[in-house]
Student: 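Shown below is the structure under consideration.
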Amino acid sequence: MKISSTGGGLGAEVQNIDLRDLNEAAFGAIHQAWLDHLVLLFRGQQLTDSALIAFSRRFGELDLAPVQETGRRFVEGVPELYVVSNVLKDGEPIGSLGAGEAVWHTDMSYLPRPPKASMLYALEIPPVGGDTEFINMYAIYDALPDPLKRRLAGLRIKHDGTYNSGGYIRQGVTPTDDPRESPGAYHPLVCTHPETGRQMLYLGRRRNAYIEGLDVAASEALLDALWAYAERSEFTWRNRWRVGDLVLWDNRCTMHRRDAFDPASRRIMHRTQIKGSAMPAA
Ligand code: SIN
């Protein structure tokens with residue numbers, strides 16, 4: 001097994017490994033590389049859904065997938081599997097997020113205990129577009145000026161549960177754009193990673209975010225100041241997908257987004273998410 005940094009703001013590629021056949025030592029090295037590099041890319045994998053789930057379970061118990069935009073769960077009998085796809089079958093999408101841009105977010109952080117990791121496996125990809133970009137939230141916290149860091153101490157942020165990253169309203173939610181009223185979960189704005197002990201900015205997503213205790217205008221101004229750091233390209237890395245790519249990310253100290261692609265082309269990705277715990281304050 002060979003582990004090489006992407007050379008970007010985070011991420012490494014792991015080569016010469018078949019994820020269906022991992023001994024304990026190889027799994028231990030992958031686990032450590034995931035904590036060190038935040039995002040890992042494994043190319044050329046051949047994973048059935050059960051092999052994807054078996055590899056995912058090595059990191060811990062799985063979360064059930066969020067419900068699809070149509071209200072259905074995706075794959076009969078495999079409730080852990082989240083399908084991200086624009087493909088229609090009998091006029092209904094087989095997955096979520098369509099073909100538009102998916103904005104920066106952390107998976108399922110509108111829950112009190114968001115997943116600690118997610119992995120996405122590429123089954124079909126469009127010829128252009130649909131890249132997924134990741135950003136390093138440790139590096140963003142480190143880059144904040146000290147006076148701004150001091151302002152964040154003890155604050156909590158609400159991560160909105162109204163919209164998914166594709167802008168679709170979640171099943172059963174009455175939409176509101178008032179960030180004080182929208183459903184979601186509060187988390188510390190600066191968290192300590194439970195495994196590495198490092199501090200990170202925990203932003204989740206921009207739409208309907210709200211900083212507890214501030215009036216909406218002050219919350220918006222502080223969020224805008226933080227998001228100005230959270231889109232800096234030196235902290236990012238993007239995957240130009242190939243069929244058979246598996247990308248695993250630490251969902252606590254990264255965010256991700258996806259480029260739009262031609263809706264006439266097909267993209268089918270299968271995702272799992274590994275249960276996490278409440279995010280610890282710094
Ligand atoms: C996701 O946000 O989990 C999916 C990202 C993608 O479609 O690349």
Side-chain angles (χ1 to χ4, degrees), residues 6 8 10-11 34 38-43 45 47 49 52-53 56 59 62-69 73-75 79-88 93-111 114-135 137 159-170 203-207 230-231 236-263 265-276:
T6 61
L10 70 171
W34 166 66
L38 292 57
V39 180
L40 296 180
L41 165 65
F42 305 86
R43 290 214 192 269
Q45 300 300 311
L47 300 176
D49 288 341
L52 174 61
I53 286 177
S56 305
F59 289 82
L62 303 190
D63 268 320
L64 297 187
V67 173
Q68 187 184 355
E69 288 132 16
R73 284 222 183 263
F74 299 118
V75 182
E80 301 91 348
L81 203 69
Y82 183 56
V83 178
V84 177
S85 184
N86 66 318
V87 171
L88 301 180
I94 65 163
S96 277
L97 302 183
E101 179 185 356
V103 298
W104 285 115
H105 67 285
T106 298
D107 288 333
M108 296 159 72
S109 61
Y110 51 87
L111 299 175
K116 67 178 180 181
S118 302
M119 41 184 109
L120 193 61
Y121 179 59
L123 294 154
E124 289 189 47
I125 53 152
V128 284
D131 294 5
T132 307
E133 190 176 13
F134 295 88
I135 191 158
M137 301 305 287
H159 292 218
D160 177 60
T162 311
Y163 302 97
N164 71 16
S165 60
Y168 299 90
I169 294 165
R170 291 186 198 283
L203 286 181
R205 62 194 67 214
R206 180 65 185 87
R207 190 168 184 180
E231 290 174 346
T236 65
W237 168 75
R238 65 169 51 231
N239 191 36
R240 168 89 279 274
W241 291 93
R242 299 181 198 162
V243 169
D245 282 0
L246 183 287
V247 174
L248 159 69
W249 60 91
D250 190 324
N251 194 48
R252 299 162 290 194
C253 52
T254 64
M255 298 193 298
H256 57 283
R257 59 169 294 284
R258 181 196 75 197
D259 291 340
F261 56 96
D262 179 356
S265 56
R266 292 167 60 96
R267 187 175 187 271
I268 305 180
M269 321 287 279
H270 283 185
R271 194 186 84 188
T272 56
Q273 40 288 312
I274 296 117
K275 271 189 195 300

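Quantities reported herein were computed from a predicted structural model and do not represent experimental measurements. Each ligand, and each atom within it, is numbered from 1 in the order the structure gives.
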Student: Any idea which atoms of ligand 1 are less than 4.0 Å away from a heavy-atom of V84?
Tutor: 7 (O)
Student: Would you find a donor on one side and an acceptor on the other, under 3.5 Å apart, between the side chain of Q273 and the backbone of E80?
Tutor: yes
Student: Is a side-chain donor or acceptor of R207 paired with a backbone partner of Y163 at a separation under 3.5 angstrom?
Tutor: no
Student: Pick out which of R257, R240, R242 makes a salt bridge (Lys or Arg N to Asp or Glu O under 4.0 Å) with D131.
Tutor: R240
Student: Considering only the protein, which heavy-atom contact is closest to atom 5 (C) of ligand 1, and what is its distance?
Tutor: L120 CD2, 3.9 Å
Student: Does the ring centre of F134 sit less than 6.0 Å away from the ring centre of H256?
Tutor: yes
Student: Does R267 have a heavy atom less than 4.0 Å from any atom of ligand 1?
Tutor: yes
Student: Please check this pair: side chain of R258 against backbone of G100, looking for a donor-acceptor N/O pair closer than 3.5 Å.
Tutor: yes
Student: When you measure from the side chain of Y168 to the backbone N and O of S96, does any donor-acceptor pair fall under 3.5 Å?
Tutor: no
Student: Hey, does the side chain of N251 reach the backbone of D107 with a donor-acceptor pair shorter than 3.5 angstrom?
Tutor: yes
Student: Would you say S165 has any N or O atom under 3.5 Å from an N or O of ligand 1, going by distance alone?
Tutor: no
Student: Give the atom numbers and elements of ligand 1 that come within less than 4.0 Å of a heavy atom of H256.
Tutor: 1 (C), 2 (O), 3 (O)
Student: Students should be able to answer this: which protein heavy-atom is nearest to atom 3 (O) of ligand 1, and at what distance?
Tutor: R271 NH1, 2.9 Å
Student: I'd like to know if M269 contacts ligand 1, where contact means a heavy-atom distance under 4.0 Å to any ligand atom.
Tutor: no
Student: With nothing but distance in play, are any N or O atoms of W241 less than 3.5 Å from an N or O of ligand 1?
Tutor: no
Student: Are any of the N or O atoms of W249 closer than 3.5 Å to those of ligand 1?
Tutor: no
Student: Show the atoms of ligand 1 that are less than 4.0 angstrom away from any heavy atom in T132.
Tutor: 6 (C), 8 (O)
